[in-house]
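Please read the structure below before turning to the comments.
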Amino acid sequence: MSLGYAEKLSYREDVGTVGMSEIFDPPDVLQQKIEELAILIQKSKHLVAFTGAGISTSCGIPDFRGPKGVWTLQRSGKGVPEASLPFHRALPSLSHMALVELERAGILKFVISQNVDSLHLRSGIPREKLAELHGNSFREICPSCGTEYLRDFEVETIGMKETPRRCADTKCGAKLKDTVLDWEDALPPKEMNFAEKHCRTADIVLCLGTSLQITPACNLPLKTIRSGGKIVIVNLQPTPKDKKASLVIHGLVDKVIAGAMHLLNLRIPPYIHIDFVQLSLSHSPKSKKTYVKWNLRIASIHGQRAPLPFLKSVEVSFPERPDLKTAFLHEQPFYLKRETLRKRPFKMLLTFNFSDGCSCLCTTIEWPINFQVTKDNLVREKNEVLRELRDAADKESHCGQHAVLERKVNPRSEVTIYAIVTNIRRYNDPEEANGVLEITPNSNSNFMIKRCSEGVNGSQTSQKRPKWS
């Protein structure tokens with residue numbers, strides 16, 4: 001993980017207590033508390049989740065106040081802790097995906113997050129049901145028209161500063177800004193208003209992996225008490241709000257949530273990640289139009305200068321044309337120049353070698369090239385394509401599936417956008433929950449949840465729909 005955000009938000013004396021010892025409830029107490037939590041969730045009419053860094057530690061992202069947290073180590077002069085993988089390749093945890101299932105079942109109404117890691121959006125929580133109080137390292141916003149852009153790479157700045165990109169709307173074109181707050185920045189009013197509204201409406205605010213020390217965000221859960229609701233806290237360390245909570249569980253967030261989902265008979269869905277790539281082929285005829293010079297560019301849908309974090313290298317081969325040498329592209333931007341007969345179509349095989357952190361090593365796309373085709377347009381419905389890819393990856397239990405989203409052919413160019421499954425992670429293995437106990441409800445409990453809505457993890461909408469190209 002690039003801990004740029006953590007490095008810039010260095011330890012300050014006003015961040016509260018850090019380095020506190022972790023507390024683990026005894027197994028029998030933990031089991032009892034998990035059952036109490038499951039009953040509360042089952043009876044809830046308006047459940048709100050309030051999440052902190054502790055929900056993402058099992059994803060390889062360090063927290064701030066734990067024994068090995070960012071601020072704990074900085075205070076002791078040990079610097080920023082190492083992460084187990086790049087930030088952009090972090091996968092949602094079991095708890096992230098459990099929240100997705102609770103939202104699909106109609107139980108979870110809203111998520112309030114203090115994290116900037118984008119894992120709630122990646123997991124599939126709809127944008128309109130998520131308030132990101134401190135911003136998102138992967139999201140830019142147009143200050144003029146309000147359009148949001150969700151990226152597959154970390155935005156270069158924090159503090160709501162201008163980024164190198166502009167709004168894609170031809171009627172706007174304003175310079176974009178990052179959405180991550182710096183210390184002096186006020187919480188975004190739009191996000192706060194939604195968060196406050198849902199906390200007032202909630203009958204349960206479920207606090208997961210947060211120390212509840214940073215104001216004003218930490219006071220949001222208290223609003224449910226004033227409206228007759230309850231607070232549940234799941235954290236390994238004491239919090240200043242413990243005395244206000246109806247239930248405090250000291251245990252690993254994933255372990256607690258896995259136990260509650262088991263009791264509720266709710267399946268935690270797999271996480272399936274899809275990346276996007278744009279293939280551009282520009283060409284111009286030589287003298288007498290017998291030959292054509294063409295240029296292949298493999299780029300991000302976010303712009304030619306944007307990185308492709310999921311790609312390590314690309315192999316370009318021509319199986320039906322032994323006269324054309326295979327090319328190996330190792331540096332971004334991936335670019336290839338060739339010259340071929342204009343009237344002789346051929347197939348190009350593009351083998352994408354994935355970066356570390358992906359679930360498979362590579363995938364191969366077959367791209368038919370015919371320079372005599374001068375016009376062709378294809379636009380498929382994005383969510384339908386992504387749903388088909390996820391269904392295929394889930395059924396086949398591996399990644400690498402791909403599909404065309406858009407194709408535009410002009411007399412001198414062709415641009416095709418592909419969607420590619422690069423990661424799949426399942427959570428039905430007990431080890432995924434850090435050894436969660438087998439939970440058996442007592443005879444007085446009757447757990448049954450009916451699903452009342454469906455969703456697709458990884459797809460989301462918003463008041464201003466995030467742009468993907």
Side-chain angles (χ1 to χ4, degrees), residues 1 3 6 11 15-38 40-41 49-76 78 80-84 90 92-99 111-115 117 119-120 134 204-214 217-218 220-221 230-262 427 430-437 439:
M1 173 180 74
L3 279 170
Y11 174 74
V15 299
T17 307
V18 301
M20 293 182 291
S21 299
E22 294 177 339
I23 302 171
F24 291 88
D25 287 330
D28 57 332
V29 175
L30 181 63
Q31 178 167 336
Q32 179 183 350
K33 289 183 176 181
I34 290 174
E35 184 166 333
E36 289 180 42
L37 173 61
L40 288 171
I41 292 174
F50 185 87
T51 66
I55 196 175
S56 298
T57 53
S58 63
C59 308
I61 300 174
D63 61 13
F64 287 89
R65 303 172 191 278
K68 297 182 180 179
V70 174
W71 290 333
T72 302
L73 295 182
Q74 283 185 336
R75 187 181 66 174
S76 60
K78 296 180 180 179
V80 177
E82 291 293 329
S84 59
S93 67
L94 179 150
S95 297
H96 285 102
M97 298 310 299
L99 293 180
V111 176
I112 304 167
S113 179
Q114 301 169 92
N115 301 334
D117 53 30
L119 289 178
H120 284 301
H134 298 154
I204 299 291
V205 174
L206 176 58
C207 302
L208 300 174
T210 171
S211 63
L212 295 169
Q213 292 194 50
I214 294 294
C218 68
L220 282 170
K230 298 178 179 179
I231 297 175
V232 176
I233 299 174
V234 182
N235 201 51
L236 285 176
Q237 299 160 326
T239 82
K241 313 300 182 188
D242 285 357
K243 293 181 180 180
K244 301 282 187 178
S246 298
L247 177 62
V248 176
I249 305 176
H250 293 301
L252 296 167
V253 175
D254 283 354
K255 184 173 184 177
V256 171
I257 295 302
M261 293 295 283
H262 173 80
Y427 302 88
E431 292 183 1
E432 293 288 353
N434 298 297
V436 66
L437 299 173
I439 306 294

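Only a predicted model underlies this, so the values are computations on that prediction, with no experimental measurement involved.
To the nearest 0.5 Å, atoms OG (S93) and CG (D254) are separated by 4.5 Å. Rounding to the nearest 0.5 Å gives a distance of 8.5 Å between CD1 of I204 and CD1 of I41. The CG atom of L252 sits 11.5 Å away from atom CG of L94, with the distance rounded to the nearest 0.5 Å. In this structure, CG on L206 lies 10.0 Å from CD1 on I233, to the nearest 0.5 angstrom. A distance of 8.0 Å separates CD1 of I214 from CD of Q114, quoted to the nearest 0.5 Å. Within the model, atoms SG of C207 and CG of L212 stand 5.0 Å from one another, a figure rounded to the nearest 0.5 Å.
Under the side-chain hydrogen bond (donor to acceptor under 3.5 Å, both in side chains) test applied with D25, the options H250, Q32, K33 reduce to a single match, K33.
Considering all non-hydrogen atoms of both residues, V253 and G54 come closest at CG2-O, 4.1 Å. The two residues M97 and P92 have their closest heavy-atom pair at SD-CB, 4.0 Å. The two atoms that bring L247 and L37 nearest to each other are CD2-N, 3.9 Å, heavy atoms only. Shown here for G259 and I34, the closest heavy-atom pair between the two residues is C-CG2, 3.5 Å. Closest approach of C218 to P221, counting heavy atoms only: O-CD, 3.4 Å.
Every side-chain contact (heavy atoms from CB on, under 4.5 Å) that N115 has, sequence neighbours left out, goes to T51, A53, I55, S56, S113, D117. Here I112 pairs with V48, F50, F110, L133, A195, C199, L220 under the side-chain contact (heavy atoms from CB on, under 4.5 Å) rule; sequence neighbours left out.
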Test log, rule side chain to side chain contact (heavy atoms under 4.5 Å, CB included), inputs H96 and C59: CA-CA 10 Å; H96 285 102; C59 308; 4.1 Å; yes
Would you sort out whether K241 and I231 count as a side chain to side chain contact (heavy atoms under 4.5 Å, CB included), showing the intermediate values? CA-CA 9 Å; K241 313 300 182 188; I231 297 175; 5.6 Å; no
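Taking 4.5 Å as the limit, every side-chain heavy atom of N235 sits out of range of all side-chain heavy atoms of T210. The shortest distance between side-chain heavy atoms of L208 and L99 falls below 4.5 Å.
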